[in-house]
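Pasting in a structure now, in C-alpha cells, and then I'll have a few things to ask.
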Amino acid sequence: MTEPVLLVSDLRKTFAVGPLATRQFEALRGISLEVRAGSSFGFLGPNGAGKSTTIKILAGLLLPTSGRVTLFGSDPSSPTGRNRLGYLPENPSFHDHLTGLEVLCFLGSLAGVARKMIKTRASQLLELVGLSRAAGTQVRRYSKGMVQRLGIAQALLHEPELLILDEPMSGLDPMGRRDVKQIIRQLRQEGRTVFFSTHIISDVEELCDELVIIDQGQIVRSGRLGDLIAADDC
C-alpha cells in the first residue's frame, strides 16, 4: 500500500476571542486523516467548518493547540517537507504593481527554480491556467478569478509532489471551474497528490478518490468516495 504523504492525528486548535480575549473558541476538535501519494483527496464542509484553519496548519502557517501533523514524515515547519509542497491559500494576493509574468518569475526565484528556467516555466504555467494573454498585464487589473488562476500557477512553480489547495475554484466562472478541474486531473495523471477543500459536493464527486467531511471543527464522515456513496444507498 502507498505510504501516506500527509498524516494528521487528533488535531485541535483553540482561539482566544472576545473584546478582552477572555473566551475560548475551539475551531478544530480532534481532526485525524491521512493522504496517500498519488491520490486526489477532498476536504468537504460548509463555510466556517474549520477547513482553512486545518489547511493553514498543514502548510505550517499556523501552530496547532495540540495534535500532530507530518508532511512527508517531517514537521510542516521543516524545509524537508515544505520544499515538496505547493500551496494555494483561500484568498491569494500578490504585488499588484507587477505583471502576472513578473509575479511568477519573482516567486520562482524564491522557490529555487533554476534562473535560466524561470521565465520559461512561468510562461508555461500561465498558458496552463489560461492567463497567457494577460502575462504582461499588471495584477491590479486582474479579476478575482484571474488572481485565483495566478495563485494556482504559483503553487505549481517548483513542481511539487503534493498540492494543498484551499477552495481552488473560488471566484471562477463555469469555464474557469472546468479548467481547474482539468488541471487537477492532469496533476493526478502525472502522479502528484492533490488535497483540496471545497463546500461543493459535485467537486469531490468528480475529482476525488477519498474525502473527509468536516463540520463545526470535527470530522463527521470519511472514507473512499465509492464506499460512502454505497453506504448512503443502503
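What you see below is based on every heavy atom in this structure, not just the backbone, and it leaves out hydrogens, waters and symmetry mates. For clarity, every value in this text was computed on a predicted model and none was experimentally measured.
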Next item on the list: Locate the shortest heavy-atom distance separating Gln148 from Glu90; write the atom from each residue and the value.
Entry: OE1-O, 4.2 Å
Notebook entry, point to check: Would you find more than 12 non-hydrogen atoms of other residues, nucleotides or ligands less than 6.0 Å from Gln182 atom CD?
Noted result: yes
Checklist line | Lys181 NZ to Ser202 OG distance, which is reported to the nearest 0.5 Å | finding: 5.0 Å
Next item on the list: Could you tell me whether Glu206 and Arg185 make a salt bridge, using a distance below 4.0 angstrom between a side-chain N and a carboxylate O?
Entry: yes
Check: In this structure, are over 12 heavy atoms from other groups packed under 6.0 Å from Ile201 atom CD1?
Finding: no
Notebook entry, point to check: Quick one: does Val147's side chain get under 4.5 Å of Ser93's, heavy atoms only?
Noted result: no
Next item on the list: Identify the two heavy atoms, one from Thr99 and one from Gly136, that lie closest to each other, and give their separation to 0.1 Å.
Entry: CG2-O, 3.3 Å
Item checked: Neighbour count >12 (heavy atoms, 6.0 Å) for atom CZ, Arg141 -> no
Checklist line | Spatial distance of atom OG (Ser9) from atom CD1 (Ile31) [nearest 0.5 Å] | finding: 11.5 Å
Check: Any side-chain heavy-atom pair from Val180 and Val129 closer than 4.5 angstrom?
Finding: no
Check: Quick one: CG on Leu7 to CZ on Arg68, what's the gap to the nearest 0.5 Å?
Finding: 8.0 Å
Item checked: His95 vs Val139, side chain to side chain contact (heavy atoms under 4.5 Å, CB included): CA-CA, chis, key distance, verdict -> CA-CA 7 Å; His95 296 91; Val139 174; over 6 Å; no
Notebook entry, point to check: Any idea which heavy atoms bring Lys51 and Ser197 closest together, and the distance?
Noted result: CD-CB, 4.0 Å
Note to self: Do Leu101 and Leu98 sit in one hydrophobic cluster, given that two such residues count as connected whenever their side-chain heavy atoms are within less than 4.5 Å of each other, even indirectly?
What the structure shows: yes
Next item on the list: Could you tell me which non-hydrogen atom of Phe196 sits nearest to which non-hydrogen atom of Ser40, and how far apart they are?
Entry: CE2-OG, 4.1 Å
Item checked: Asp179 CG to Met169 CE distance, which is reported to the nearest 0.5 Å -> 11.5 Å
Check: Is the distance between the ring centroids of Phe41 and Phe195 under 6.0 Å?
Finding: yes
Note to self: Between Asp209 and Arg36, does any side-chain N to carboxylate O distance fall below 4.0 Å?
What the structure shows: no
Note to self: Let me check something: do Leu104 and Ile118 share a hydrophobic cluster, defined by ILVMFWY side-chain heavy atoms less than 4.5 Å apart, either directly or through other members?
What the structure shows: no
Next item on the list: In sequence, state the C-alpha distance, the side-chain angles, and the governing distance for Asp203 and Arg177, and then conclude on side chain to side chain contact (heavy atoms under 4.5 Å, CB included).
Entry: CA-CA 9 Å; Asp203 290 347; Arg177 290 176 55 80; 2.6 Å; yes
Margin query: Please say yes or no: joined through hydrophobic side-chain contacts below 4.5 Å, possibly via intermediate residues, are Ile213 and Val8 part of one cluster?
Written below: no
Check: When rounded to the nearest 0.5 angstrom, what distance separates CZ in Arg12 from CG in Leu28?
Finding: 9.5 Å
Margin query: Using 0.5 Å steps for rounding, measure from the CZ atom of Arg178 to the CG atom of Asp173.
Written below: 9.5 Å
Margin query: Let's go through Glu167 and His199 carefully: what are the C-alpha distance in whole Å and the side-chain angles of both, what is the deciding distance for side chain to side chain contact (heavy atoms under 4.5 Å, CB included) to 0.1 Å, and is it a yes or a no?
Written below: CA-CA 8 Å; Glu167 299 277 1; His199 59 274; 3.3 Å; yes
Notebook entry, point to check: Between Val69 and Leu6, does a side chain to side chain contact (heavy atoms under 4.5 Å, CB included) hold up when you go through it step by step?
Noted result: CA-CA 7 Å; Val69 175; Leu6 178 62; 4.1 Å; yes
Next item on the list: Considering non-hydrogen atoms only, spot the tightest contact between Ser170 and Lys144 and give its length.
Entry: OG-NZ, 3.3 Å
Check: Are any of the side-chain heavy atoms of Asp166 and Leu88 separated by less than 4.5 Å?
Finding: no
Note to self: Count I, L, V, M, F, W, Y as connected when their side-chain heavy atoms are under 4.5 Å apart, and connections chain through other members. Are Ile55 and Leu61 then in the same cluster?
What the structure shows: yes
Donor-acceptor list for residues 154-163 side chains, cut-off 3.5 Å, not counting sequence neighbours:
residue	atom	partner	partner atom	Å
Gln154	NE2	Tyr87	O	2.9
Gln154	NE2	Gly151	O	2.9
His158	NE2	Leu85	O	2.8
Glu161	OE1	Arg84	NH2	3.0
Glu161	OE2	Arg84	NE	2.8

Margin query: Please tell me whether Val204 and Ile214 are part of a single hydrophobic cluster in this structure, the criterion being side-chain heavy atoms less than 4.5 Å apart.
Written below: no
Next item on the list: May I ask you to check whether over 12 heavy atoms, not counting those of Leu63, lie within 6.0 Å of atom CG?
Entry: no
Notebook entry, point to check: With a 4.5 Å limit on heavy-atom distance, are the side chains of Arg149 and Leu172 in contact?
Noted result: yes
Checklist line | Side chain proximity check, Leu165 to Val194, heavy atoms < 4.5 angstrom | finding: yes
Note to self: So Glu102 and Gln138, do their side chains get closer than 4.5 Å, heavy atoms only?
What the structure shows: no
Next item on the list: Flag yes if more than 12 heavy atoms outside Lys119 fall under 6.0 Å of its NZ atom; otherwise flag no.
Entry: no
Note to self: So for atom NZ, which belongs to Lys56, do other residues, nucleotides or ligands contribute more than 12 heavy atoms lying within a distance under 6.0 Å?
What the structure shows: no
Next item on the list: Provide the closest heavy-atom pair for Val212 versus Ser222 in the form atom of the first, atom of the second, distance.
Entry: CG2-CB, 3.7 Å
Notebook entry, point to check: Would you say Leu58 and Pro76 make side-chain contact, with heavy atoms under 4.5 Å?
Noted result: no
